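Read through the structure below, which is laid out as structure tokens, and then see the notes.
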Amino acid sequence: MNALKTRLRASARNVYTRLQACLPAARAREAAVMAQRATVMPVLDALSRRADLGPENPPLYERVLIDGMWDNPNYWTRYAFTRAGLGLWRGTETGLLGRFNRKRVQDSFNRFGINDVVDFPGERGSISRCRATARTLLKNVRTPDDIMQLELPEDFPAEIFYDGLLTRQRRGTANPDDPMLVDYLAETLANIDAARRIIDQGRFDLVLLSHALNYDFSALAWCAMRSSIPVVILYGDFGSVRFIRIEKPGDIFYYVNSPTRQEIESAPAATRAERRAAGKTYLDQRLSGDSNDVGAIFAFRDRAGSIDREGIASRFGWDPEAPIVCVYGTNWFDFPHSVEMTNFRDFQDWIEATLVVAHETPEINWLFKAHPCDDWYPSSRGPTLADLVTAKPANNIAVVPKDWNGLELMRAINAGITYFGTVGIELPSIGTPVMVADSGWYGSNGFVLQPGDRDDYLSALRTRWWEDTDGEVIAENAREFAGWYFAGPDWHGDYLFPDDSDQEAIYADLPAFLERFAPQVDRETR
């Protein structure tokens, strides 16, 4: 009955949304958006057909599937680069429609001259046909850990289902008693089935996706990978193009795609020095709030509350001479397994285990800080980090107020703890030690402590692990890594894309942007 009520509420919301779209103001906004796209898409189409990028040979890829399930100006620009660089317009391109912005995306495909279109929701059909199978799979599920042990078709990773479940429940740990659990699993099964049929029927030799997250995108990436079809995620971050190639199962759990320590150390000394300088410049900009990615804006630009070590001690009644360790939380449901996570089930599991140690070490003062993007993502429906901390009060444990400035806090503490957040690069760059709970995407790069497995991490928490850290060494290593990961090549100059989160607003300046940086765009596509 609860599941039925939830489905009825969802249907009512969909009807309400459709009615809202019919209002005159909404129709006027949509007409303005379509007019803007009508100007920009031909520019991207012309860019994508640059014949001088290569001889008129047969295409490298004869049949290509192009994701249209996520509609974003930067994504279409990244597709135009890829289309030009590989001459994809010379082959057969098939567009993929999703649930959202279907009219807009269909219009984009038309302007790119992509006439062959596959409808993913149509291929998937109703999820009701998969409910019986879902119930069978869930019959012995009692705990979140049981969900992680599910065996799904195509050997589809249970971690991906688990992450999608967190986003739907908006919780830190999955709720196995959710009345919609059967529907969520049925949705996953239907997506896997649709992805398999699309991949098999299309006989593609390249799949271009905007993401490899959630049930639909990840199902397509997974099924294509299992059919030995190369998958390229047309991803972008920190103002630049950051494509990811998926060729084997583990690739889908390494979404950040960062350099290894071996790769960094193999570079010539002069290159390494340049990277350290570039990394320092970028991190100084980031910590001052001048970079344009969402996390940095929330952490350093929008939080102006002044704080120092003495102020922290005074506020919470702490001895200012006692060590202060800050635990930096991560958004509960932002796909925790998109980077390989082995030591803990999810971020809430990690925080709960860390809190136990904090209670057992009264000689250390502990701050727990929620992720700055919690203000941007939908609100949590389960317990928040603050709820977990305040549920069991202790004199040595406190929650960081939202208005405290991120950089001032970093300067006031002895050490930081993170799972694999960017603060694990930011803190060491100013000489402050960091311990991570998992190897993540930078744990072995010489600027954080990564103790090992879950028990090793919890044991290290009980010690003053930060005291033997060489601040200058970790700062140099963090800056060098940042130079590799965040900073662009020198020929980029000011060629930086706005953040994807700016969405439709990007279209207004996109033609001028592409014209202004025509040499960089040409070099990027080549």
Side-chain angles (χ1 to χ4, degrees), residues 7 10-42 44-45 48 64-80 83 88 92-129 164 167-168 183 187-188 190-195 197-199 201-202 204 207-221 223-224 233-234 500-507 510:
R7 288 196 289 270
S11 297
R13 283 195 298 269
N14 290 336
V15 170
Y16 177 76
T17 300
R18 288 196 293 270
L19 291 174
Q20 287 285 98
C22 295
L23 294 175
R27 293 171 64 183
R29 284 195 299 271
E30 181 65 14
V33 167
M34 293 301 289
Q36 199 171 53
R37 293 169 71 105
T39 300
V40 175
M41 286 302 172
L44 293 179
D45 181 50
S48 74
V64 183
L65 181 66
I66 294 128
D67 177 13
M69 297 195 297
W70 188 70
D71 183 36
N72 185 279
N74 283 347
Y75 167 69
W76 291 118
T77 305
R78 295 191 287 263
Y79 160 65
R83 195 188 201 203
L88 298 179
T92 300
E93 297 175 292
T94 299
L96 184 68
L97 285 176
R99 290 175 54 202
F100 305 108
N101 297 325
R102 292 169 64 85
K103 180 180 177 181
R104 297 181 184 183
V105 172
Q106 182 66 71
D107 180 74
S108 297
F109 283 145
N110 292 342
R111 295 184 186 281
F112 280 117
I114 299 172
N115 301 314
D116 187 8
V117 174
V118 174
D119 185 349
F120 190 89
E123 288 289 331
R124 190 190 75 175
S126 172
I127 68 169
S128 60
R129 61 188 176 85
T167 66
R168 285 154 178 78
D183 278 33
E187 178 188 353
T188 303
N191 281 336
I192 295 170
D193 180 57
R197 281 186 283 108
I198 289 171
I199 294 299
Q201 292 169 10
F204 304 109
V207 173
L208 301 179
L209 296 176
S210 59
H211 300 82
L213 303 170
N214 223 325
Y215 302 159
D216 38 16
F217 301 106
S218 58
L220 285 158
C223 290
I233 311 301
L234 304 185
D500 286 6
S501 63
D502 290 346
Q503 299 184 27
E504 293 290 335
I506 297 170
Y507 281 120
L510 188 53

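What you see is a predicted model; the values in this text were computed from it and never measured.
- Proximity of T92 to V64: side-chain heavy atoms (C-beta onward) are nowhere separated by under 4.5 Å.
- D500 pairs by the side-chain contact (heavy atoms from CB on, under 4.5 Å) definition with W70, N72, N74, R78, not counting sequence neighbours.
- Remark: the backbone N or O of A505 is not paired with any side-chain donor or acceptor of D502 at under 3.5 angstrom.
- Across all their heavy atoms, G164 and N214 have their closest contact at CA-OD1, 4.3 Å.
- Separation of atoms OH (Y215) and CD (E187) is listed at 6.5 Å; rounding is to 0.5 Å.
- Interatomic distance, I66 CD1 to D116 CG, rounded to the nearest 0.5 Å: 9.5 Å.
- Between S218 and L213 there is no side-chain heavy-atom pair separated by less than 4.5 Å.
- Closest heavy-atom contact between S48 and R83: OG-NH1, 2.9 Å.
- Residues forming a side-chain contact (heavy atoms from CB on, under 4.5 Å) with R129 (at least two apart in sequence, or on another chain): A190, D193, R197.
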- request: Give the intermediate values and the outcome of side chain to side chain contact (heavy atoms under 4.5 Å, CB included) for residues L97 and Q106.
  value: CA-CA 7 Å; L97 285 176; Q106 182 66 71; 3.6 Å; yes
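- With rounding to the nearest 0.5 Å, the separation of CD in E93 from CG in L65 is 10.5 Å.
- Note that CZ of F109 is 7.0 Å distant from CG of L96, once rounded to the nearest 0.5 Å.
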- request: I would like to know whether R111 and D45 meet side chain to side chain contact (heavy atoms under 4.5 Å, CB included); could you show each step before the answer?
  value: CA-CA 7 Å; R111 295 184 186 281; D45 181 50; 5.8 Å; no
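- Contact record, W76 with G68: CH2-CA, 4.2 Å, taken as the closest heavy-atom pair.
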task: Please step through salt bridge (Lys or Arg N to Asp or Glu O under 4.0 Å) for the pair D107 and R102, ending with a clear verdict.
output: CA-CA 8 Å; D107 180 74; R102 292 169 64 85; over 6 Å; no
query: Which is it for R99 and M69 under the side chain to side chain contact (heavy atoms under 4.5 Å, CB included) test, yes or no, and what are the steps along the way?
result: CA-CA 7 Å; R99 290 175 54 202; M69 297 195 297; over 6 Å; no
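- Counting all heavy atoms, side chain and backbone alike, Y507 lies closest to Q36 at CB-OE1, 3.5 Å.
- The two residues V207 and A224 have their closest heavy-atom pair at CG2-CB, 4.0 Å.
- With hydrogens and angles ignored, the 3.5 Å screen pairs no side-chain donor or acceptor of R37 with any backbone N or O of A32.
- Annotation: the span from L208 atom CG to T94 atom OG1 amounts to 11.0 Å, rounded to 0.5 Å.
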Residue pair I233, F217: steps toward the side chain to side chain contact (heavy atoms under 4.5 Å, CB included) verdict: CA-CA 10 Å; I233 311 301; F217 301 106; over 6 Å; no
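- Taken from CD1 in I114 to CG in N110, the straight-line distance is 9.5 Å, to the nearest 0.5 Å.
- Between the side chain of D67 and the main chain of S210, a donor-acceptor pair closer than 3.5 Å is present.
- With salt bridges taken as basic N to acidic carboxylate O contacts below 4.0 Å, none links D216 and R124.
- Between F100 and V105, the shortest heavy-atom contact is O-CG2, 4.5 Å.
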